[in-house]
Each structure stands twice: as structure tokens, then as C-alpha cells.
Amino acid sequence: MQSYTIGQAARLLGVSPDTARRWADAGRVATHRDEAGRRLIDGRDLAAFSIEVAQAGPGDVDDDTYTSARNAFPGIVTAVKLGDVAAQVEIQAGPHRLVSLLTREAVEELGLEVGMRATARVKSTNVHIDRA
């Protein structure tokens, strides 16, 4: 399972590292320490917490909220639903929840799973997923 530093988590959540650190200190998201003593957040925990933060609304995030460049939304995969042929992938990118329908084969080739970083690219009405 992939883990994220406080700084990486902050970028994915669309908040400052200080805000992410305060949330971790308050016990809102679980952390553990690596060999170097850095605090890390498990990807699955961060995915669940990113949904909670987004549902809380803009009052719970910094004023300097997430913006995209060239329609790219880097975030964290919060759900993967596989069908026989098609799949649905949800990404939480700061306050934005993006959902993409793609082939099961594409999801498997990208190795997408809950808790990993990914970027949703939006063109017109299509959402494309790039593995980070």
C-alpha cells in the first residue's frame, strides 16, 4: 500500500501542509512514522479522509484552494468499481470529485486501486485517467 507524507497529502487535499499537520495532530486522519521519523498517511486512509474533507465543504479548507492547470486534476483514487467489460474510477482532487468510466482492461493495465495517486484529465465531456 502506498503511503503519503504530510506535504504530499496536503497537495492532494488542496490545503496547506500546516492544515494537514493540524488535522493529523487532532486525530482526524491516522498517521504512522517511517524509519526516518517522517509522518506518513496510508493511501486508503487518505482516500477516505479526502471524501470526508470534500463533503465538509469549503469552510473546512484553506482559502488558497486547489486549482488545475490545463484541465489536469491530480488527486487520489477513492473508488474503483470493476464490471465484466467496463469500470468506474473515482478521484478526489482537492474539493473536486471526478468520476471516469473506462474499460476494465485500462484500469488493470494502469494498476489503479484505492489510495494511489492519479491524475484526471478533462477534455470536453471526457475524463481520462493518468497514473501518477
Side-chain angles (χ1 to χ4, degrees):
M1 169 55 55
Q2 186 166 0
S3 294
Y4 299 90
T5 65
I6 295 288
Q8 291 170 324
R11 281 189 295 280
L12 293 169
L13 293 168
V15 298
S16 72
D18 286 337
T19 296
R21 198 171 294 108
R22 281 192 302 272
W23 287 342
D25 290 344
R28 290 191 59 193
V29 63
T31 63
H32 64 278
R33 297 214 181 249
D34 66 6
E35 312 80 43
R38 295 180 304 169
R39 285 198 298 182
L40 301 175
I41 302 170
D42 286 333
R44 287 192 183 273
D45 292 339
L46 184 58
F49 184 65
S50 71
I51 294 170
E52 177 187 321
V53 169
Q55 289 173 344
D60 205 9
V61 296
D62 293 347
D63 289 336
D64 189 17
T65 56
Y66 181 83
T67 61
S68 69
R70 297 190 177 190
N71 300 325
F73 293 83
I76 188 166
V77 176
T78 57
V80 176
K81 297 173 187 154
L82 297 174
D84 291 338
V85 176
Q88 178 178 312
V89 176
E90 295 183 26
I91 292 179
Q92 194 70 43
H96 310 290
R97 175 180 166 260
L98 297 113
V99 180
S100 179
L101 299 176
L102 55 163
T103 65
R104 178 185 180 118
E105 181 181 10
V107 171
E108 290 170 347
E109 284 180 9
L110 289 169
L112 296 175
E113 61 183 39
V114 172
M116 72 183 311
R117 289 185 300 167
T119 301
R121 297 196 186 276
V122 180
K123 180 177 180 190
S124 186
T125 58
N126 298 315
V127 177
H128 303 270
I129 305 294
D130 296 339
R131 183 174 172 182

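Every value quoted in this text rests on a predicted model; they were computed, and no experiment measured them. FYI, the numbering just counts along the sequence from 1.
For the atom pair CD of Gln2 and CD1 of Ile76, the computed distance is 7.5 Å after rounding to the nearest 0.5 Å. The CZ atom of Arg104 lies 12.5 Å from the CD atom of Glu109; values are rounded to the nearest 0.5 Å. If you take CD1 on Ile129 and OG1 on Thr119, they are separated by 8.5 Å, rounding to the nearest 0.5 Å. Between the CD atom of Gln92 and the CD atom of Gln55 there is a distance of 8.0 Å, given to the nearest 0.5 Å.
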Practice item. Let me see the working for Leu12 and Ser50 under side-chain contact (heavy atoms from CB on, under 4.5 Å), right down to the final yes or no. Key: CA-CA 8 Å; Leu12 293 169; Ser50 71; over 6 Å; no

**Study point:** Working for side-chain contact (heavy atoms from CB on, under 4.5 Å), residues Arg22 and Arg28
**Key:** CA-CA 9 Å; Arg22 281 192 302 272; Arg28 290 191 59 193; over 6 Å; no

Under 3.5 Å, which donor-acceptor pairs do the side chains of residues 39-47 form with other protein atoms, sequence neighbours left out?
| residue | atom | partner | partner atom | Å |
| --- | --- | --- | --- | --- |
| Arg39 | NH1 | Asp25 | OD1 | 2.7 |
| Arg39 | NH2 | Asp25 | OD1 | 3.2 |
| Asp42 | OD1 | Ser3 | OG | 3.1 |

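Of all the heavy atoms in Arg131 and Gly111, the pair that sits closest is NH1-CA, 4.5 Å. Closest approach of Glu113 to Val80, counting heavy atoms only: CA-CG2, 4.1 Å. Closest approach of Ala93 to Pro74, counting heavy atoms only: CB-O, 3.4 Å. Nearest heavy-atom pair, Val77 versus Leu112, reported as atom, atom and distance to 0.1 Å: CG2-CD2, 4.5 Å.
Distance alone, capped at 3.5 Å, places no donor-acceptor pair between the Tyr4 side chain and the Ala10 backbone.
Side-chain heavy atoms closer than 4.5 Å link hydrophobic residues (I, L, V, M, F, W, Y) into clusters, and following such links, even through other members, never connects Leu101 to Val107. Note on Leu102 and Met116: same hydrophobic cluster, where clusters join Ile, Leu, Val, Met, Phe, Trp and Tyr whose side-chain heavy atoms are under 4.5 Å apart, directly or indirectly. Ile51 and Leu98 are not part of a single hydrophobic cluster, where members link through side-chain heavy atoms under 4.5 Å apart. Hydrophobic clustering keeps Val114 apart from Leu13 (ILVMFWY residues linked when any side-chain heavy atoms are closer than 4.5 Å, directly or through intermediates).
Annotation: side chain of Glu90 is in contact with side chain of Val99 (closest heavy-atom distance under 4.5 Å).
Residue Gln88 places its CD atom among more than 12 non-hydrogen atoms of other residues, nucleotides or ligands, all under 6.0 Å distant.
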